[in-house]
Structures are given as structure tokens and as C-alpha cells.
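Take a look at the structure set out below.
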Amino acid sequence: MNQTADVAIVGAGVHGASLAFHLARRGADVVVLERGSVGAGATGRSSGFVRMHYDLEADSRLAWASLPYFQDWRGRVGDGDCSFVQTGFVQLVPPELADALRANVEMQCGIGIETRLVGPADVSALVPGMVVDDVVVAAYEPSSGYADPDGTAAGFMAAARRLGARLVTGCQVEAVTVEAGRVTGVATAEGRWSAPTVVDAAGAWAAEIARTVGVEIPVQPWRHNTAYFGLPSGRSPVFPVVIDFAGGIYFRPEGRALMLVGLETDNEVGGSPDRPDSSMDASTTDVMVKGICRRLPWMENGTFRAAHGGQDGITPDQRPILCQAGPSGFFLDCGHSGTGFKTAPAIGACMAELILDGHAQTADISGYGLQRFSEDRPLVGANAYGMLWR
Ligand SMILES: Cc1cc2nc3c(=O)[nH]c(=O)nc-3n(C[C@H](O)[C@H](O)[C@H](O)COP(=O)(O)OP(=O)(O)OC[C@H]3O[C@@H](n4cnc5c(N)ncnc54)[C@H](O)[C@@H]3O)c2cc1C
């Protein structure tokens with residue numbers, strides 16, 4: 001087999017699928033090569049938060065440019081369903097970061113994001129029974145919520161295929177091929193694809209793909225613990241998505257009877273992305289239960305249902321790498337660092353513009369280049385909270 005395409009994308013996670021959609025709607029001949037199935041990596045395990053609150057303006061802009069896709073999936077994408085649920089979103093920070101949060105809400109209002117400052121009484125009205133004794137001020141986004149990551153990736157992929165893109169699942173890319181400093185395609189377990197442009201959207205495996213063209217990228221596997229809990233009987237599932245940076249935990253409703261809880265702490269970085277998934281151990285479950293019950297004492301009567309963690313690729317500044325790198329025709333769309341679901345629609349549009357036009361228009365992604373690491377210029381917010389994942 002030796003087939004051809006204009007662009008070969010390695011990985012059919014939400015980023016590979018979004019990019020395939022945006023390229024195909026511009027008329028590019030695209031193939032997506034996926035060793036498992038659509039959403040088999042981080043995407044299928046994602047908590048699906050859709051919120052705009054970041055301490056880095058560029059991140060907030062990408063999330064903001066992505067929101068209309070979630071709100072109007074049918075109009076913007078057309079196939080499948082992202083199942084966006086508008087619950088609202090609350091960001092909590094420890095008291096010493098109250099001024100930074102105020103400044104970040106001001107920055108986001110300047111972008112046009114629907115967000116405002118709320119006090120402890122507002123927070124406990126939004127999330128009944130929540131302990132707010134340490135809350136000085138919080139951010140509230142009424143139009144945010146959560147979506148279904150599998151549905152989002154599958155919908156992007158279905159729309160891309162309707163527009164002519166090809167998807168090959170069960171196809172392991174072994175190397176990107178290069179001649180005279182130019183990408184010529186990929187070698188796979190099933191044969192060769194010729195393509196003048198190859199995009200590395202391989203999530204936790206991105207560094208392995210980049211290494212095949214001699215490009216070292218600081219993307220490491222990052223393992224993240226989340227779990228579903230049953231809500232106590234009679235508890236309403238109507239509450240917002242919450243990131244509790246003070247407590248190192250986040251949560252959101254899932255359907256009518258469950259809560260999804262994630263830990264910002266104790267995430268494992270490094271190791272092989274192919275090592276087996278170990279289900280959450282008892283001590284991690286204990287940390288999670290203590291964390292959620294401290295913030296929501298009524299969860300004492302909740303029930304542990306199932307662990308649902310996964311892995312993503314993480315960079316040293318916990319921001320993605322979006323650029324051309326190494327041989328001509330090789331692009332990086334990776335290192336999404338545990339927060340890349342919500343930004344996938346706009347990043348797909350930006351990467352398609354970068355590949356086809358030479359620069360992105362949907363949002364400014366020029367700060368997400370690979371050189372920032374070797375030049376010691378990590379991306380840091382003007383009013384930084386510190387690392388999200390600790
Ligand atoms: C548990 C968890 C919770 C998260 N929660 C949120 C959240 O609430 N909100 C948010 O915005 N983000 C969240 N994230 C982050 C977000 O899910 C990821 O950033 C995003 O899904 C990454 O998508 P991707 O397409 O880059 O990678 P992936 O979804 O990992 O896709 C990469 C794909 O590449 C394939 N692949 C790898 N190597 C090869 C190869 N050699 N050949 C062929 N195919 C290959 C893999 O099989 C995989 O399907 C979470 C992540 C995790 C793990």
C-alpha cells in the first residue's frame with residue numbers, strides 16, 4: 001500500500017479530529033491515522049470541562065473562540081453531538097490569590113467573556129451546602145459547562161469524513177519520513193502514506209512521533225485520577241462545574257445521579273505511555289473522598305462508583321505546543337497538558353490556518369511555539385496562580 005494525502009494527521013483524539021474537520025472544510029485532502037479508535041487516548045477519559053477561566057490571556061482566548069462550537073454544534077459542525085450542558089462554572093482560589101483572580105476576571109471581561117466576580121454567599125447559593133469559609137472572592141461564568149468528549153471527537157471526525165477526509169483506525173504510525181529536510185509522509189504498520197505535511201497529534205505519545213524526525217519535545221505522559229460518585233438520594237444534580245484550586249479538587253454533575261470528581265494533586269508525570277493503566281489505589285480514593293467531603297459535607301452520604309482516570313501529554317509550563325518544527329512540513333499539535341478538550345475547536349481552526357495560510361487568524365497561537373522551552377520563556381499568566389497540576 002502506498003497512498004497519498006495533502007495532510008496526514010497522527011492521532012484521532014479531539015485535536016486530530018478537530019484539525020481534520022477544519023482542514024477538510026477548506027478543501028484539503030486529509031488522512032487521520034489512529035492506532036486504536038477515535039477518542040482512545042486522553043479524549044475518551046476527559047472530564048469535558050468547558051470554561052474560559054485561565055490566568056493566561058491566550059488560553060482564555062482559545063477557550064472563548066471554542067465556546068460557540070459547543071453552543072451551536074449543529075450549525076458549526078453538523079454531524080454527531082457534543083452534548084454540551086450549560087451548568088455555569090465557578091472558580092475558587094485560596095485567599096492569597098484573590099487579587100490575581102480579580103485581575104484575571106477583568107482580563108477575561110476585556111476579551112468579551114461572560115464572567116463576573118461573586119462572593120461567598122453567591123457561591124453557596126450556586127452550590128447549596130458548599131463550605132465557603134475560606135472563599136474571599138470567586139469567578140462565575142454562567143455560559144460555561146461541560147460536554148461529551150467522545151461525542152465531540154466523533155462528531156468532528158464524522159463531519160471531516162463527510163467533507164472527504166479519510167480515517168484509518170487500528171493503524172500504528174511507526175515513523176514520519178523525511179527526504180532532504182522535507183516531510184514526505186509516514187511509515188505505518190500497514191504500509192506507507194505519502195504526504196508533504198504531517199501533524200503530530202498523538203497526545204501522550206507525541207514525543208515518540210517527534211523523535212522519528214529528530215525533534216525533541218518536552219512532552220511527557222501525565223496520568224490523572226478522576227472518579228464517579230453517586231449523589232446522596234434526594235440531592236439535586238443541578239449545580240455548576242467547580243474548580244477548587246484551594247482544595248486541589250474539581251467536580252461537576254454527570255447526568256441526574258452522579259458527580260465526576262478530579263484531583264489537581266498527585267498526578268504522575270513521566271514513564272512510558274504504554275505502561276498499563278492501574279486503577280486508582282485506595283489512598284488516592286481516600287484523598288479524593290476527603291477533598292470532596294471537606295467542600296461538600298453532604299457528599300458523606302455519596303457512594304463511590306468507578307475510577308475514570310486517563311493520560312495526556314504534559315509540557316513543563318502546562319500549555320500546548322502548536323507550531324511547525326524540525327523538517328519542513330512537520331507540525332506539532334500536542335502537549336495539551338490536561339486542559340485541551342475545551343480548546344480543541346479553536347486550536348483545530350488555528351492549526352488549519354497555520355498549515356494552509358502560514359499563519360493563524362482565529363486566535364493568536366504564536367506564543368505556543370516549541371522554542372519557548374529552549375529559550376527559557378515558559379508561558380506564564382500576567383496574574384499567575386501557579387501550576388494547575390501539582
Ligand atoms: C482524565 C482526564 C480528564 C481531563 N479533563 C479535561 C477537562 O475537563 N477539560 C479539558 O479541557 N481537558 C481535559 N483533559 C485534557 C483533554 O482531554 C486532552 O488535552 C485532550 O483530550 C487531548 O486530545 P488529543 O487529541 O491531543 O490527544 P488524545 O485524545 O490522547 O489522542 C491522541 C491519539 O493518538 C493516538 N496515537 C498515539 N500514538 C500513535 C501512533 N504512533 N500511531 C497512530 N495513532 C497514535 C492515540 O491512540 C490517541 O487516540 C483531561 C484529560 C484527562 C486524561
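We number each residue from 1, following the sequence as shown. Atoms within a ligand are numbered from 1 in the order they appear, just like the ligands themselves. Note that the structure is predicted; figures quoted are calculated from it, not measured.
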Distance under 6.0 Å and angle within 45° of ring axis: [X] vs [Y]:
{"X": "Arg76", "Y": "Tyr69", "result": "yes"}
{"X": "Arg252", "Y": "Tyr146", "result": "yes"}
{"X": "Arg51", "Y": "Tyr54", "result": "yes"}

Would you call [X] a ligand 1 contact, heavy-atom distance under 4.0 Å?
{"X": "Pro149", "answer": "no"}
{"X": "Gly44", "answer": "no"}
{"X": "Cys334", "answer": "no"}

Is there at least one pair of N or O atoms, one from [X] and one from ligand 1, spaced under 3.5 Å apart?
{"X": "Lys342", "answer": "yes"}
{"X": "Ser337", "answer": "no"}
{"X": "Val14", "answer": "yes"}
{"X": "Gly338", "answer": "yes"}
{"X": "Ala12", "answer": "no"}
{"X": "Gly340", "answer": "yes"}
{"X": "Thr339", "answer": "yes"}
{"X": "Arg45", "answer": "no"}
{"X": "Gly309", "answer": "no"}
{"X": "Glu34", "answer": "yes"}

Specify side chain, backbone, both or neither for [X], according to which of its non-hydrogen atoms lie closer than 4.0 Å to ligand 1.
{"X": "Leu33", "answer": "backbone"}
{"X": "Ala344", "answer": "neither"}
{"X": "Glu174", "answer": "neither"}
{"X": "Ala201", "answer": "backbone"}
{"X": "Phe341", "answer": "both"}

Could you pull out, from [options], the option with a heavy atom nearest to [atom]?
{"atom": "atom 21 (O) of ligand 1", "options": "Thr43, Ile243, Ile209", "result": "Thr43"}
{"atom": "atom 36 (N) of ligand 1", "options": "Gln311, His15, Arg252, Arg35", "result": "Arg35"}
{"atom": "atom 40 (C) of ligand 1", "options": "Asp333, Thr188, Val186, Val173", "result": "Val173"}
{"atom": "atom 4 (C) of ligand 1", "options": "Ala189, Ser47, Pro320", "result": "Ser47"}

Checklist entry - What are the two closest heavy atoms between Pro68 and Trp64, and how far apart are they? => result CD-O, 3.3 Å
Checklist entry - How long is the gap from CD1 on Ile355 to CG on Leu23, to the nearest 0.5 Å? => result 5.0 Å
Next on the checklist: Assess the residue pair Arg372 and Asp317 against the criterion (salt bridge (charged side-chain N to carboxylate O under 4.0 Å, His left out)); give the C-alpha distance rounded to whole Å, side-chain angles, the decisive distance to 0.1 Å, and a yes or no.
Outcome noted: CA-CA 10 Å; Arg372 72 184 193 268; Asp317 62 8; 2.7 Å; yes
